[in-house]
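What follows is a short report on a single structure.
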Amino acid sequence: MSSVMIAVEGFSKHYGTFAAVRDLSFSVRAGEVLGLVGPNGAGKTTTLRCLTGVIPATAGSLQVAGINIADDPVAAKRQLAFFPDEPRLFEHLTVRQHLNFSARIYQVQQYEARAEQLLAELELTDKIDQLPSELSRGMKQKLVIACGLLHSPKVMFFDEPLTGLDPLGIRRMKQTIKRLAQQEGAAIILSSHLMGLLEEVCSHVLIMKKGERVALGTLTEVVRQFSGGDDAVDLEEVFVRATGESGE
Amino acid sequence: MLSPSQQGSVLPVLRALIYLRGMMLRNLLLSYLRRLRQPRYLLGSAVALAYIWFAFIQRAERSDRGGFMPIPADAMEMVLACLLIGLILAIWLRPDAKPGLGFTEAETAFLFPAPFSRRQLIHYKLLSGLGASFLAALFLTLLMARTLDGWSDVVTRVATWWALNANVMLHTVAVALVLNRFSGYGVSLVVRRSVITLLCVLYVGGLVYLVTHEQFDLLRQLLTPFRALVRPFVAGGAEYAGSLSLLFVVFALQYFWVLRLETPFEEASIALAARHAELVAKMRGGKAFALQKPKARREPFRLRNWMPVEFVLLWKRLLALPAWLNGRTFVALFAIIVIGMQWLQQAGFDKAAGVIAVIALAIAAYLQFLVSMIVRFDLAQVDQMKAWPVPGWRIVLGTFLSPMVIMTGIAWLLILAAALGMPVETERLPWLTSPLKLALAVSFALLSPAITALQLIGPNAIGLFFPGFAQTSRPGQRGFDVAGMRMVLMAGQLLLLMLMLIPPLLVAGLGFFFSRWFTDFTGGMVTASACACVVLLLEALYGVHLLGERFERLDVAGELRQ
């Protein structure tokens, strides 16, 4: 059985008296893709930010690749990559220079071969000397992914990865996420409102509402939990039933 | 023992920072050189260079005043020390409960999840701030080049500004971290701001007391530490070296202090970066004056089905204004001005009323200038408006109505304040009689909306006839060449305005001449103003039609692509 790469135990995050996340526990093994779903304000982005060490947790234990983020954030961050929903790039750095900069901050030696491979995979080779202003939204997203994959992370976090992509870009993104999990054995958490994406890409689902866990398990388990014996129920219907949203 | 988040060498962040800034500078220069191939950027660069040369460098080289200082060195030192204290209090008065550190959105996206400790991120921020402080020092030195005496003075002034700016930057970072810690301890924003406001009041009150009671020795003693910090601006020779060294010592101490402040800042910094990015996007979109978050407000007037499209545009634009800017505020201000000015005069504060009158007139004149900067067609919006089934001139007219209404309202209030406050038949102004004052006020009130209309036509004509040029020089666009283009644009606007003022001035002259057959001087002046007003409005109408035609023919996509 593959090892646990993301372990969350009793995690809470408070902003003053407001609890954004309450007593959340789950784990993700290598090669698994966990879909994080929930209505707006459920605590998904807060969970991702705490897991990536960007903001500190109020309580609980967050481990990435066996390293507790609170104890050694720098070592934990070496093992992970975070891909936000919006590609935020340096206005005056070219594609090549973004990769070079990423290699410096992650201290990746001899990064050139890996960069070339990533650029070819993500079809960015001919854009190497272009600035972000000359790239489409999809290309920018791909550049962010190339920068994030440069240090070969074992754990990845995607926040709404399909936002603004065209149909071809969506297909490629899905393929990339699947390949990273299945072939490279990465543990992935993917936050999205697109149930179709989760059904297609994720092995497990965690449904959150108002900072709390509503359901957790494999896709089949979660669907079974809320289907009430109806085989025709899809994830979207499960989400509606689990979160108590009307869907009207 | 340091926690792991505190550990971390400065070298990795320094290397990353040097690479980032070096490459950004290189690419910026390359893109600047590339765009010089376009004539408008070349012209802009030439104008900006010429301006810097004639306005600053040549004057500095010609300066034979031996380091010109407007007031004695001792007094200057005290003034600068007071300003520094004011700046420090302003830094502590920050409006956010948890202030963030100034990172860009790209920096937060790349650096915050990267394997850097919190301390390394602070190193990055501080070292990055040093570069920005140096650029600011160069700019400030250039701005005050006229007060310098030769190139050695330039070097010492740059060093002084750099050291002071760097200290202010460090203090800003330290304050942000301390306030985050206060917030963590449960100190509310209200409590913190109340304490700082109280300190500000005590400080200003103390200053006023000491100055009015001529307690300059005590003031000098109280300001000692701050005078020491600004002394490099007034000192020379060995004293300069000593005082600059003190700034470096303070810098080192503050750097140490900042690094010891182990406080989470990431969340607040992400929020700050997002706000900053939003602000930049608004400025680039030509909405520099709409920086506040929009809030729903009461309708300025009930929109009826029969109302023409010009009123719809007026209604829409008035809705976008802050809620407090409404008819009730206008009436309240009217009452305050009338009652306030009468009270000032009855209470014997004639001089104060006179000063207010002069200030009101100056503001009215400045607002007339400002209006040309505020309302300009945004090409992106033009594309949307062109889809409306309405002739172009009506859209142009509708767009101009709201600034005309607002500016006229403000101008009338200011004219009212000036008319009520201006004393008549004084020693200085024996010719200013009551009837003449009334005639002047009526004339200004008549001319105000017409001049506002003309002020709107000029810049927008340039914007629609030379859209690429106007679009590039919008607020938020950066660059040396863009600054030059703005100067060209302003000169063009001024020239156009002067040309447009010729016909109304001629007609006003004729009106005045003929009216003198049947009325006195003041009556002639009102007649002349009315004549000028008619011609100005006719010009404005013609301009609106001309702009409307251009508006309909404009290929927005083609212009934006250039």
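A, B, ... follow the sequence lines: proteins, then strands. Residue 1 opens every chain.
Minimum heavy-atom separation, B:Ala16 to A:Phe101: O-CE1, 3.5 Å. A:Tyr106 approaches B:Pro113 most closely through the heavy-atom pair OH-O, 3.6 Å. In this structure, B:Arg15 and A:Arg104 approach most closely via the heavy-atom pair O-NH1, 4.3 Å. Across all non-hydrogen atoms, the minimal contact from B:Asn27 to A:His92 is ND2-O, 2.5 Å.
Heavy atoms of other residues, nucleotides or ligands lying less than 6.0 angstrom from CD of A:Glu9 number 12 at most. For A:Lys178, the NZ atom counts as densely surrounded, since its 6.0 Å shell holds more than 12 non-hydrogen atoms of other residues, nucleotides or ligands. The environment of NE2 in A:His193 is crowded: more than 12 heavy-atom neighbours from other residues, nucleotides or ligands sit within 6.0 Å. More than 12 non-hydrogen atoms from other residues, nucleotides or ligands lie less than 6.0 angstrom from OH of A:Tyr15.
Residue-level contacts of residues 128-149 of chain A with chain B, in order of numbering, are A:Leu131, A:Cys147; threshold 4.5 Å between heavy atoms.
For the atom pair CE (B:Met24) and CD (A:Glu91), the distance works out to 7.5 Å, reported to the nearest 0.5 Å. The CZ atom of B:Arg26 sits 10.5 Å away from the CG atom of A:Leu93 when rounded to the nearest 0.5 Å. Atom CD1 of residue A:Ile105 and atom CG of residue B:Leu17 lie 12.0 Å apart, to the nearest 0.5 angstrom. In this structure, the separation between CZ on B:Phe265 and CD1 on A:Ile55 is 13.0 Å, given to the nearest 0.5 Å. Atom CD of B:Glu266 and atom CZ of A:Arg49 lie 11.0 Å apart (nearest 0.5 Å).
In this structure, the side chain of A:Lys77 does not engage the main chain of B:Ser117 through any donor-acceptor pair within 3.5 Å.
In this structure, chain A has heavy atoms under 4.5 Å from both the backbone and the side chain of B:Phe116. Interface residue A:Gln97: backbone and side-chain heavy atoms are both found under 4.5 Å from chain B. With a 4.5 angstrom heavy-atom cutoff, A:Thr94 touches chain B via backbone and side-chain atoms both.
Taking the six-membered ring where tryptophan is involved, the planes of A:Phe90 and B:Phe110 are tilted, since the angle between them lies from 30° to 60°.
Note on B:Ile270, B:Leu30, B:Val13: by heavy-atom pairs under 4.5 Å with chain A, the leading option is B:Ile270. Among the candidates B:Ser269, B:Ala106, B:Ala273, the residue making the largest number of heavy-atom pairs closer than 4.5 Å to chain A is B:Ala106.
Counting only heavy atoms from C-beta outward, the side chains of A:Val54 and B:Glu267 never approach each other to under 4.5 Å.
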